[in-house]
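Nothing here was measured: the structure is a model prediction, and the numbers come from that model.
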Number of protein chains: 2
Amino acid sequence: MTQKLPQIFGTSDSVPEVVIARLPQYIRALNKLNTSTTTVTNSRQLGEMLQVTPAQIRKDLSYFGRFGKQGRGYSVALLLEELKHILGLNSNWNVIVVGMGRLGTAILSYPGFTPDGFRLVAAVDSDQNLIGQVIQGITVKSSDDLSQIIRDHSIDIAIVAVPIEYTQSVINSLVHYGVRAILNYAPISPHVPDDVRIQNIDPVLSLQSMTYYLNN
Amino acid sequence: MTQKLPQIFGTSDSVPEVVIARLPQYIRALNKLNTSTTTVTNSRQLGEMLQVTPAQIRKDLSYFGRFGKQGRGYSVALLLEELKHILGLNSNWNVIVVGMGRLGTAILSYPGFTPDGFRLVAAVDSDQNLIGQVIQGITVKSSDDLSQIIRDHSIDIAIVAVPIEYTQSVINSLVHYGVRAILNYAPISPHVPDDVRIQNIDPVLSLQSMTYYLNN
DNA sequence: GTATGTGAATGCTTTCACAGCT
DNA sequence: AGCTGTGAAAGCATTCACATAC
């Protein structure tokens, strides 16, 4: 399927997705270390905190550069900055919540949902009873105005928490209006074009696979 | 690390975790097919629905048996039953929700959270203002009585939605009282013994890794 | 002495491709 | 003819182990 083109252009070899997925965890560990008096850490310590091997941490970091000092380890503050930079967490990302039922409301209200770099700036729903309500300082708008809202707020990321039967079409609209990153809470795997990132939060799948191990 | 012992006992070779994690998705697809008039499907059709290759579906199923007919495909109803059986979704699993803040309440109230095989039977919190409240027919109990409640209701699975600073100790208690499967919503990776399954639901990690791709 | 960065080796997962059954 | 089930091959990811730097 995927054409194996020779690397004619200077494109650097792409970093495996699993590696990218681990970086936020490294950032968390470093944040934790950073508050205390620690200024230096190493792959063994980070590995213990995150339950991964030291070699994996070193290998992961090596995709992006050489951030450590041999014989010493890593500067906590420096490595933290580097990783945030790599993930783009120094920028500001504008986030919309689509669907303000119980779940959407919980998301908007949960402070942990806006770590450094993210701003919840808009919320929409199709229910007249919800439109106009103010939740956490954000006025719920009509989903009829989605296109306008996305443009006005320069939305980068959409969190979708609408009923399953509307999910695919809502996501189609978001993609059409230019949103390229979606966090989906409906228990389906919506189809999106290749240039759009989607992550599904689907706790029921996790429950259903755990029961296998309870039996076996 | 992992000792490669000869298979002296009749233990079947263990199935890769990635395979187990895909089975619930196969079940979803089959459920969808099952409601319509379709009685037979095949690996190509399932693959299209789930965006995986036909070969992967056939290989995954081959870990458990031979459920298809060459030249024809799979009986939807039969394969569905087989997969449910493999995951143990024909049994009844008793689930407790620990932590009845906004998130815990949302979980308890969301109907999609109790698919076939799961029963939300108890809820606890440490806050006196919440104890005694009835949510979705379940009375919130004091977390002081956790041990008793787990025994009385034969709890199999715990959904943990408590503040981050209490999460590890709550999980320690649950494990101590015999819970062997945990769905954790706090943004940490708690430590548990090897014989306990834990799945973390951590949407912020997903958000933080998506920004990488928005930049690159 | 100590810990990084990294090729090489190992281990795991996916895909191929075809014999065999319907 | 059509589609499964499965060894073998290919493709990825993790771990090892050591030269290199502090």
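The shortest distance between the side-chain N/O atoms of B:Arg66 and the OP1/OP2 oxygens of D:dT6 is below 4.0 Å. Of the side-chain N and O atoms in A:Arg44, none sit less than 4.0 angstrom from OP1 or OP2 of C:dT2. Between B:Arg22 and C:dT14, a side-chain N or O to OP1/OP2 separation shorter than 4.0 Å is present. Listed pair A:Tyr74 / C:dT2 fails the phosphate criterion, with no side-chain N or O lying under 4.0 Å from OP1 or OP2.
Using a 4.0 Å cutoff on non-hydrogen atoms, the parts of residues 48-60 of chain B near DNA chain D are B:Arg58, B:Lys59, ordered by number.
Using a 3.5 Å distance cut-off with no hydrogens or angles, the side chains of A:Ser62 and A:Arg66 do not pair a donor with an acceptor. Counted by atom type alone, A:Asp60 and A:Tyr26 present one or more donor-acceptor pairs between their side chains at under 3.5 Å.
Checked for salt-bridge contact, B:Arg22 and B:Glu17 miss the test: no charged N lies under 4.0 Å from a carboxylate O. With respect to A:Arg119 and A:Asp156, no salt bridge is recorded, no charged nitrogen being found less than 4.0 Å from a carboxylate O.
The distance from atom CG of A:Asn42 to atom P of C:dG1 is 18 Å, rounded to the nearest whole Å. Rounded to a whole Å, the CG atom of A:Leu61 is 10 Å from the C1' atom of C:dG5. Nucleotide D:dG2 holds its C1' atom 15 Å from the CD atom of B:Gln45, rounded to whole Å. Between the CD atom of B:Glu17 and the P atom of C:dT14 there is a distance of 12 Å, rounded to whole Å. Straight-line distance from the NZ atom of B:Lys69 to the P atom of D:dG5: 10 Å, rounded to whole Å. Note: CZ (A:Phe64) to C1' (C:dG5) measures 15 Å, nearest angstrom. Counting to the nearest Å, the P atom of D:dG5 and the CD atom of B:Glu82 are 11 Å from each other. We find that CD1 of B:Ile20 is positioned 16 Å from P of C:dC12, with the value rounded to whole Å.
The minimum heavy-atom distance linking B:Ala122 with B:Ile149 is given by the pair CB-CG2, 3.8 Å. What you find for B:Gly99 and B:Val162 is that their closest heavy atoms are CA-CG1, 3.7 Å.
The base of D:dT4 is paired with the side chain of B:Gln70 by a donor and an acceptor separated by under 3.5 Å.
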Side-chain atoms of residues 67-80 of chain A: list all donor-acceptor pairs with protein atoms under 3.5 Å, sequence neighbours left out, distances to 0.1 Å.
{"unit_1": "A:Ser75", "atom_1": "OG", "unit_2": "A:Leu78", "atom_2": "N", "d": "3.1"}

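Distance from the side chain of A:Ser43 is smallest to C:dT4 among D:dT4, C:dT4, C:dT6.
Nearest-nucleotide mapping onto DNA chain C: of A:Gly71 and A:Gly68, the residue sitting toward the 5' end is A:Gly71.
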